[in-house]
Structure formats: C-alpha cells, structure tokens
Amino acid sequence: MQSFEDANKIGKEMMDHSLKSYAAMTKGMQAIATEATDYSKKSYEESVAAFEKLASAKSVETAMAVQTDYMKSAYESFVAEATKMGELYTDLAKEVYKPFETAMASATK
C-alpha cells in the first residue's frame, strides 16, 4: 500500500505544480498582452502626430526634419519595447518553470 500512497502524493504534487505553472503563464501572458496593446496605442498616436506635422510642413526641409525626427523616435521606441518584451518573456519562462524546478529538486533527492 505504501507505493500507492506515494504515487497518489506525487500525482497530487505534480497537479499542484501544473496549476501554479498555468497561473504564472496566465499572469505573464496578460502582462505581455497589456504591454503590446499599450505600445501599439502609443505608436499609433505618435505616427498620427507625426503625419499631422508632416502635412502642415511649409517646406521640403521642414518635412524632412519632421520625418527624420519621427523615424529616430520610432526606432528608439521600438528597440526599447523589444527589450522590454524580451524581459517579459524571460520572466514568464522563469515563473512557469519555477514550480517544476522544486519538484525536480525533490525528485532527485
């Protein structure tokens, strides 16, 4: 009977770890979706503002300056956002794996 009780205990622990992992994944994916939505909204607003400036430019030089400034800020914003998203995905992977890490540590003892 001891082996059945052990198997039952291990099964319960794995289910608990799976549920914790799923909860961490859900929370992480919500954070990623929120960040992507916020970035998309901000990017759209900045592009509309740049287009309005570009449409009101009186000379080619002014238009080129507006376009150059917009492209520079859009690139910097994209790089910052890509870095942030990479960190979010890294944190997500760590949090999802964490419950199983403790299980593997206890199983190897």
Side-chain angles (χ1 to χ4, degrees):
M1 279 297 175
Q2 185 69 19
S3 64
F4 178 74
E5 291 173 2
D6 289 343
N8 190 23
K9 181 182 175 188
I10 291 170
K12 183 181 180 311
E13 287 175 359
M14 288 305 292
M15 181 59 78
D16 290 342
H17 294 311
S18 296
L19 290 174
K20 287 178 185 177
S21 178
Y22 181 74
M25 184 184 316
T26 302
K27 183 180 175 184
M29 293 304 285
Q30 286 175 343
I32 289 168
T34 300
E35 184 63 33
T37 301
D38 292 346
Y39 173 73
S40 296
K41 183 178 177 183
K42 179 183 164 204
S43 178
Y44 175 76
E45 290 169 354
E46 288 174 354
S47 65
V48 167
F51 181 75
E52 289 173 353
K53 284 182 185 178
L54 191 61
S56 66
K58 301 292 183 196
S59 67
V60 174
E61 291 83 17
T62 305
M64 291 299 290
V66 167
Q67 182 67 16
T68 302
D69 290 343
Y70 169 69
M71 291 304 293
K72 182 180 176 186
S73 69
Y75 175 75
E76 290 171 351
S77 177
F78 173 76
V79 170
E81 186 64 22
T83 302
K84 192 173 197 178
M85 291 296 273
E87 291 170 357
L88 286 173
Y89 275 106
T90 301
D91 292 344
L92 172 65
K94 288 177 183 176
E95 289 299 315
V96 167
Y97 178 70
K98 195 179 287 185
F100 293 108
E101 185 176 34
T102 57
M104 293 303 290
S106 65
T108 57
K109 287 183 180 179

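Quick caveat: nothing in here was measured; it's all calculated off a predicted structure.
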Any side-chain heavy-atom pair of [X] and [Y] under 4.5 Å:
X   : Y   : result
M64 : V60 : yes
E81 : E35 : yes
Y39 : F78 : yes

- Query: Does the T34 side chain pair with the main chain of Q30, one donor and one acceptor, at a distance under 3.5 Å?
  - Reply: yes
- N/O donor-acceptor pair under 3.5 Å between S21 side chain and H17 backbone: no
- Using the test side chain to side chain contact (heavy atoms under 4.5 Å, CB included), find all partners of S18 that sit at least two apart in sequence or belong to another chain. F100
- Give a yes or no on whether a salt bridge exists between E95 and K98, defined as a side-chain N under 4.0 angstrom from a carboxylate O. yes
So if you build clusters from Ile, Leu, Val, Met, Phe, Trp, Tyr with side-chain heavy-atom gaps below 4.5 Å, do [X] and [Y] land together?
X   : Y   : result
M71 : V66 : no
L92 : L88 : yes
M14 : L19 : no

- Item | Point-to-point distance, once rounded to the nearest 0.5 Å, from OG of S43 to CD of E45 | 9.5 Å
- Report the distance from atom CD of E87 to atom CD1 of I32, rounding to the nearest 0.5 Å. 11.5 Å
- Item | K12 vs D16, salt bridge (charged side-chain N to carboxylate O under 4.0 Å, His left out): CA-CA, chis, key distance, verdict | CA-CA 6 Å; K12 183 181 180 311; D16 290 342; 3.3 Å; yes
- Item | Enclosure of M85 CE (heavy-atom neighbours >12, cutoff 6.0 Å) | yes
- Message: Side chains of S59 and T62 only: does a donor on one sit below 3.5 Å from an acceptor on the other?
- Response: yes
